[in-house]
Student: 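First the structure, then my questions, so here it is.
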Amino acid sequence: MMQQFEEGFWQRNRSSKVDDVMETARNIIADVQKDGDKAIKAYTEKFDKIKLDRLQVSREEIEEAYEKVDPELVEELENAAYNIERFHKMQLPQDLWLSEVEPGITLGVKSTPLERVGCYIPGGRASYPSTALMCVIPARVAGVDEVVCCTPAPINPATLVALDIAGVDEIYSIGGIQAIAGMALGTESIEPVQKIVGPGNVFVTAAKTLLRGKIEIDFPAGPSEAGVLADDSCDPAYVASDLVAQAEHDPMSAFILITDSEDVAKAVDKEIEKQVKDAPRKEIIMAAMKNSGYIVADDMEIAIEMMNDVAPEHLCIQTKDVMDTLSKVKNAGSIFVGRYTPIAAGDYASGTNHVLPTASGAKLYSGLNVAHFRKTSTVQMLSKDGLDILSPTIRKISKSEGLYAHCNSVDIRLPKKKKSKDE
């Protein structure tokens, strides 16, 4: 069932299709910039077949959503929110730290939350109340003043409830390129934001890419991926379950198993076939299987090197010495260690974030965290004696660069002593 990959196939196959939709994204962004709400409504009607009277979701609609959601689901969303908040609070930096590195020379860092951020929550084939929690809660923990969210209409009641639990300030029932443009540029109904976070399809990613500069973004986040490192100590059924779970997200999802055992690959393949047979989302899984496969490496050291080159969004480790394997992993969005740690734990319940870089983006980016919602300023505070210590360095280098006013800014504070007649 699984295909055997040649080395490098994954990287070629996961290349982004964003460039293919850039022209479409440019045109829609230009229309939103020109016509604001009118353009957003027109594109929502064109793409989503929904006619919007207004963009923002009312408080009454949120209250009605609670009536439509199973109370037990509400309770578990609250439990998940608690765990997400707890973990992200552990990431909070000090608002200000200062350290006297030499007498009279004090250096430090001031950390400040962003004032207004936007979160994009996908819709489409499935609803994602979990993603609502994952995007909004870290922003709240970081201290962001205003958190707004866009998600395509019609909004699943569970997503509305999750956004409310997370503490979002504004919700807009719009999706796609027009949603990103609205948050970035502002319209009659939407005040512009400083940064946009959250996953989405190639259209959303294209819009985020084009608008970077007007706003900051988190990172490219496309269809879900999973990688597994496994040796003959693994449980093939457990490995297969994680691979199939990621494949059910989207036809463009993908997984890769890298092992040092042909027997393990065959056993996992049999388990996948068994688990897919009666899966409710079998059609989607089978489509994703075309993007998925395995590699048998000569040994586990080489397998780890190969996986570091893959840099998967999610990485499961089922090896004899999981901590040794973990120590050698360099590139992965989120790591799941040991046979009793399914990816679903991070997707929903443990508290770690599931908004992660895809398509080998883990080589460059970190998954969504509190730091995405804060910015830092370096701080320096010198006494006269401290400036005196640094003055030879400042004077010499500034003069060598021909920046004499820089040198003067030191000289004016520390006038050179005049030589006496006796000298």
Side-chain angles (χ1 to χ4, degrees), residues 22 26 29-30 32-34 91-118 138-148 180-181 183-187 190-197 206-220 357 361-423:
M22 279 295 190
R26 282 192 189 93
I29 289 168
V32 171
Q33 187 164 31
K34 180 183 171 211
Q91 302 172 10
L92 267 173
Q94 297 179 55
D95 287 342
L96 175 67
W97 63 263
L98 297 168
S99 178
E100 189 172 38
V101 296
E102 289 186 59
I105 302 175
T106 298
L107 307 177
V109 172
K110 185 179 188 302
S111 178
T112 309
L114 298 176
E115 295 171 14
R116 182 174 169 86
V117 301
R140 277 285 174 231
V141 169
V144 175
D145 290 333
E146 297 175 347
V147 184
V148 306
I180 303 301
M183 287 191 286
L185 303 171
T187 73
I190 309 170
E191 289 293 324
V193 300
Q194 293 167 284
K195 186 169 189 171
I196 297 175
V197 305
K208 287 168 71 176
T209 301
L210 287 170
L211 287 161
R212 193 170 193 175
K214 289 278 187 185
I215 46 95
E216 183 54 281
I217 65 169
D218 44 6
F219 41 77
K363 290 180 180 179
L364 303 173
Y365 305 103
S366 304
L368 196 64
N369 61 74
V370 165
H372 280 97
F373 300 100
R374 295 178 74 97
K375 52 189 174 64
T376 58
S377 306
T378 52
V379 178
Q380 45 269 300
M381 183 166 57
L382 308 180
S383 68
K384 186 175 182 181
D385 289 341
L387 179 58
D388 194 39
I389 293 170
L390 298 179
S391 61
T393 304
I394 300 169
R395 285 176 172 133
K396 193 69 176 178
I397 296 176
S398 63
K399 285 179 179 178
S400 77
E401 294 183 348
L403 299 176
Y404 299 102
H406 284 65
C407 182
N408 182 61
S409 70
V410 173
D411 292 343
I412 204 166
R413 289 172 168 83
L414 300 174
K416 291 180 180 177
K417 294 177 182 177
K418 293 181 180 179
K419 291 183 179 181
S420 67
K421 293 179 181 178
D422 296 331
E423 290 184 90

Student: Could you check whether any side-chain heavy atom of Ile180 comes within less than 4.5 Å of a side-chain heavy atom of Leu210, counting everything from C-beta outward?
Tutor: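 They are not in side-chain contact.
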
Student: Is atom NZ of Lys363 surrounded by more than 12 heavy atoms (other residues, nucleotides or ligands) closer than 6.0 Å?
Tutor: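 Counting other residues, nucleotides and ligands, NZ of Lys363 exceeds 12 neighbours.
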
Student: On a heavy-atom basis, which atom in Pro113 and which in Ala142 lie closest, and how many Å separate them?
Tutor: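 Distance-wise, the nearest heavy atoms are CB-O, 3.3 Å.
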
Student: Do Leu107 and Ile105 make a side-chain contact, defined as non-hydrogen atoms from C-beta onward lying under 4.5 Å apart?
Tutor: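 Yes, side chains in contact.
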
Student: Between Arg413 (side chain only) and Ser409 (backbone N and O only), is there a donor and an acceptor less than 3.5 Å apart?
Tutor: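 Here the side-chain-to-backbone pair exists.
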
Student: Between Gln194 and Glu115 (side chain of the first, backbone of the second, donor and acceptor by atom type, cut-off under 3.5 Å), is there such a pair?
Tutor: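 A pair under 3.5 Å: yes.
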
Student: Give, for atom CZ of Phe373 and atom CG of Leu92, the distance between the pair rounded to the nearest 0.5 Å.
Tutor: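 So the gap between those two atoms works out to 12.0 Å.
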
Student: Just wondering, do Val117 and Val197 contact through their side chains at under 4.5 Å, heavy atoms?
Tutor: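 The answer is no; the side chains never approach within 4.5 Å.
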
Student: Taking all non-hydrogen atoms of both residues, which atom of Ala139 and which atom of Val147 are closest, and how far apart?
Tutor: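 Answer, listing the atom of Ala139 first, then Val147: CB-CG2, 3.9 Å.
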
Student: Compare all side-chain heavy atoms of Lys208 with those of Asp218 and state whether any distance is below 4.5 angstrom.
Tutor: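 Lys208 vs Asp218: side chains touch.
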
Student: Is the shortest distance from a Lys or Arg side-chain nitrogen in Arg395 or Asp411 to a carboxylate oxygen in the other one below 4.0 Å?
Tutor: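 A salt bridge is present here (some side-chain N lies under 4.0 Å from a carboxylate O).
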
Student: Do you know which two heavy atoms are closest between Ala184 and Pro192, and how far apart they sit?
Tutor: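 Heavy-atom minimum between the residues: O-CB, 3.7 Å.
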
Student: Indicate yes or no: at least one non-hydrogen side-chain atom of Arg374 is less than 4.5 angstrom from one of Asp95.
Tutor: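 Answer yes - side chains close enough.
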
Student: Can you tell me if Lys195 uses its side chain to pair, donor with acceptor, with the backbone of His372 under 3.5 Å?
Tutor: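 Yes; at least one donor-acceptor contact below 3.5 Å.
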
Student: What distance do Leu390 atom CG and Leu414 atom CG have between them, rounded to the nearest 0.5 Å?
Tutor: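 Between Leu390 CG and Leu414 CG, I get 10.0 Å after rounding to 0.5 Å.
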
Student: Would you say that His406 contacts Ile394 through its side chain, given a criterion of any heavy-atom pair below 4.5 Å between the two side chains?
Tutor: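 They are not in contact (no side-chain heavy atoms under 4.5 Å apart), so the answer is no.
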
Student: I want to check something: taking the side chain as every heavy atom from C-beta on, are Leu185 and Ile29 in contact at a cut-off of under 4.5 Å?
Tutor: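 Sidechains of Ile29 and Leu185: in contact.
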
Student: Please report the closest heavy-atom contact between Met22 and Thr209, naming both atoms and the distance.
Tutor: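 Taking every non-hydrogen atom into account, CE-CG2, 3.8 Å.
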
Student: List the residues meeting side chain to side chain contact (heavy atoms under 4.5 Å, CB included) with Pro220, not counting sequence neighbours, and say none if there are none.
Tutor: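 Counting only residues at least two positions away or on another chain, Pro220 forms a side chain to side chain contact (heavy atoms under 4.5 Å, CB included) with Thr205, Tyr365.
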
Student: Taking Gln91 for the side chain and Val370 for the main chain, is one N or O donor matched with an acceptor at less than 3.5 Å?
Tutor: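 Checked: pair present.
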
Student: With sequence neighbours left out, write down each residue that passes side chain to side chain contact (heavy atoms under 4.5 Å, CB included) with Glu146, or none if nothing qualifies.
Tutor: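 Arg116, Asp169.
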
Student: How close do Pro93 and Ser111 get, heavy atom to heavy atom, and via which atoms?
Tutor: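 Heavy-atom minimum between the residues: CG-OG, 3.5 Å.
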
Student: Between atom CG of Asp145 and atom CZ of Arg140, what is the distance when rounded to the nearest 0.5 Å?
Tutor: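 Rounded to the nearest 0.5 Å, the CG-CZ separation comes to 8.0 Å.
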
Student: Could you measure the distance from the NZ atom of Lys375 to the CD atom of Glu216? Nearest 0.5 Å is fine.
Tutor: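 Between atom NZ of Lys375 and atom CD of Glu216 there are 12.5 Å.
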
Student: Measure the spacing between OG of Ser383 and CD of Glu102 and express it to the nearest 0.5 Å.
Tutor: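 Separation between the atoms: 10.5 Å.
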
Student: In Å and rounded to the nearest 0.5 Å, what is the CZ to OG distance from Phe219 to Ser366?
Tutor: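 If I round to the nearest 0.5 Å, the distance is 8.5 Å.
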
Student: Might you point out which heavy atoms bring Leu211 and Ala181 nearest each other, and give the distance in Å?
Tutor: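 The answer is CD1-CA, 3.7 Å.
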
